[in-house]
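Reading through the structure tokens given below for one structure.
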Number of protein chains: 2
Amino acid sequence: MEATGSGEKGLHARVLESLGPAITAGDHPPGTVLRTDELAERFNVSRTVIREAVRVLESMHLVASRRRVGVTVRPAEEWNVYDPRVIGWRLAGRDRSRQLRSLTVLRSAVEPVAAGLAARHATPAQCAELTEHAMGMVATSRGQQLDAYLVHDVAFHRVVLTASGNEMFARLWEVVAAVLTGRTHHHVMFTDPDPAAVTLHVQVAEAIRTGDAARAEALTREITAGAMAELDVLAP
Amino acid sequence: MEATGSGEKGLHARVLESLGPAITAGDHPPGTVLRTDELAERFNVSRTVIREAVRVLESMHLVASRRRVGVTVRPAEEWNVYDPRVIGWRLAGRDRSRQLRSLTVLRSAVEPVAAGLAARHATPAQCAELTEHAMGMVATSRGQQLDAYLVHDVAFHRVVLTASGNEMFARLWEVVAAVLTGRTHHHVMFTDPDPAAVTLHVQVAEAIRTGDAARAEALTREITAGAMAELDVLAP
DNA sequence: GGGTCTTGAATACGTCGTACTTCATGGGTT
DNA sequence: AACCCATGAAGTACGACGTATTCAAGACCC
């Protein structure tokens with residue numbers, strides 16, 4: 001029985017969950033060379049395991065492996081910042097607020113357009129799901145139920161992005177989820193959500209249901225603008 | 001020995017460049033199981049090499065490796081569609097026009113916002129680069145110089161995305177480049193670029209230089225709208 | 001008899017250790 | 001300065017064993 005607590009995945013996954021965050025956090029500055037033998041000893045695993053982990057890191061453009069040199073850490077500008085794992089690691093790391101801001105800007109660009117498309121393509125089932133979660137947000141918007149509120153909030157945006165019918169938008173729901181949970185856990189947990197935001201969500205659901213694309217887009221733009229304003233208040 | 005011609009990278013990279021496109025093209029439908037030993041024999045490489053390639057494929061969520069069952073191809077909805085390599089493979093595959101459309105929609109959401117931000121954050125050097133490429137587009141917009149035009153077009157959008165100051169936007173320049181090159185190579189190569197689009201680029205460069213964010217955003221929105229309309233005309 | 005549970009063998013991935021190959025790099029030679 | 005060679009670390013290969021997961025045969029209960 002392993003008391004590692006790091007889950008029961010393979011060894012390479014454990015190495016990855018250790019090296020990835022370390023690199024994205026800046027523990028190994030760009031240009032640092034990591035030798036596979038050295039890593040194998042440090043993690044008490046075979047070189048094979050290290051190599052597989054390094055391959056994944058390499059596919060994220062976090063490192064570059066070159067003969068006779070070693071595994072060198074690449075500069076942050078080259079990282080695959082859209083990889084969900086990289087996003088997670090950076091969000092857990094040092095400059096999470098900077099990362100949160102970048103992602104919120106991305107949201108503010110994408111979500112309004114996605115909502116507009118959703119108004120044109122959403123199925124009745126998706127519309128029902130949308131109003132359901134909007135009502136769930138209303139029901140949990142008062143009285144320290146932030147966790148329950150968050151669930152509905154995330155689900156709402158996930159449905160919107162999915163209903164847009166664009167796969168690139170749909171795959172961003174994980175990013176939005178990360179931003180929303182990060183936002184919630186970063187706030188002091190004693191303030192209820194902004195009532196105006198709750199109302200906006202209800203109205204977005206309605207606009208999408210009635211096929212009013214322009215209205216859905218404009219309302220979502222208000223939501224994301226609110227999210228950005230919120231960041232400006234709580235930003236370090 | 002090897003007359004593969006597939007470049008001088010490592011063996012795992014060669015396996016990847018063969019398996020990746022095959023999967024994204026749908027040659028191995030979701031649910032297909034690939035055994036490592038079988039792959040090792042098919043590619044005449046050791047299981048180690050196959051395992052490293054599979055790790056990368058797994059990190060792209062193209063496949064899932066489970067004990068006692070094998071490497072199973074995952075459904076397309078779970079693929080990491082933001083991975084540049086996945087984008088490239090899909091763009092080279094069967095439904096490239098569908099992919100092109102998805103990416104163009106993404107562009108139309110992101111680029112206008114990025115241009116607006118660029119108007120606020122662009123450095124003088126970036127402004128110079130911008131006007132330089134805009135003029136380059138003008139110079140190459142007539143007389144079958146599509147390749148030269150494309151270089152300036154790609155560079156223009158790369159600078160805009162970079163100048164936005166948002167790393168998530170900046171990293172999308174590869175995607176835009178893929179879309180633009182795909183668009184050009186997909187068209188009949190005998191039609192010069194739309195003069196209106198060229199003018200718009202010049203005006204965007206000017207708007208960013210003068211710090212007129214709203215104008216830069218609106219003009220870029222016109223550019224992306226034009227790109228979408230262009231797709232509707234040439235779509236199969 | 002039909003259905004559920006237990007048990008055990010088969011199997012394909014996971015990990016390991018070792019030996020060998022391949023070249024970028026750096027230094028020494030001409 | 002041009003060239004060549006020794007070096008070192010990643011790349012590849014192979015064989016062995018570990019381990020979880022599946023599937024089916026058989027025991028057991030209803």
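Every chain is numbered from 1, with letters handed out A, B, ... down the list of sequences.
First and last contacts of DNA chain C with chain B, using any nucleotide atom under 4.0 Å from a protein heavy atom and ordered 5' to 3', fall at C:dA10 to C:dT15. A nucleotide of DNA chain D counts as in contact with chain B when one of its atoms lies under 4.0 Å from a heavy atom; the first and last such, 5' to 3', are D:dT12 to D:dT22.
Under 4.0 Å is where a charged nitrogen must lie from a carboxylate oxygen, and between A:R94 and A:D27 at least one such pair does. Ion pairing between B:R55 and B:E52 fails under the 4.0 Å rule for side-chain N and carboxylate O.
Within the 3.5 Å criterion, the main-chain N or O of B:L19 finds no donor-acceptor partner in the side chain of B:W89. Without hydrogens or angle criteria, A:Q126 side chain to A:T123 main chain gives a donor-acceptor distance under 3.5 Å. Distance alone, capped at 3.5 Å, is enough to place a donor-acceptor pair between the B:T72 side chain and the B:A64 backbone. With hydrogens and angles disregarded, a donor-acceptor distance shorter than 3.5 Å links the side chain of A:T184 to the backbone of A:L180.
Within residues 55-66 of chain A, the residues that place at least one heavy atom under 4.0 Å from DNA chain C are, in residue-number order, A:R66.
Residue B:R35 is in sugar-phosphate contact alone, with no base atom involved, counting any heavy-atom pair closer than 4.0 Å across all strands shown. Nucleic acid contact for B:L34: sugar-phosphate only, since backbone atoms but no base atoms lie under 4.0 Å from a heavy atom of the residue. Within 4.0 Å (heavy atoms only), B:T36 reaches sugar-phosphate atoms of the nucleic acid but no base atom.
Aromatic ring orientation, B:H157 versus B:H201: perpendicular (interplanar angle above 60°, classes split at 30° and 60°).
For A:E38, the CD atom is densely surrounded, since the number of other residues' heavy atoms within 6.0 Å is greater than 12.
Summarising the geometry of A:A118 relative to A:I208, their closest heavy-atom pair is O-CG2, 3.7 Å, with the distance given to 0.1 Å.
Between A:S46 and B:V69, the residue whose closest nucleotide on DNA chain C is further toward the 5' end is B:V69.
Side chains of A:R101 and B:N166: no donor on one and acceptor on the other come within 3.5 Å.
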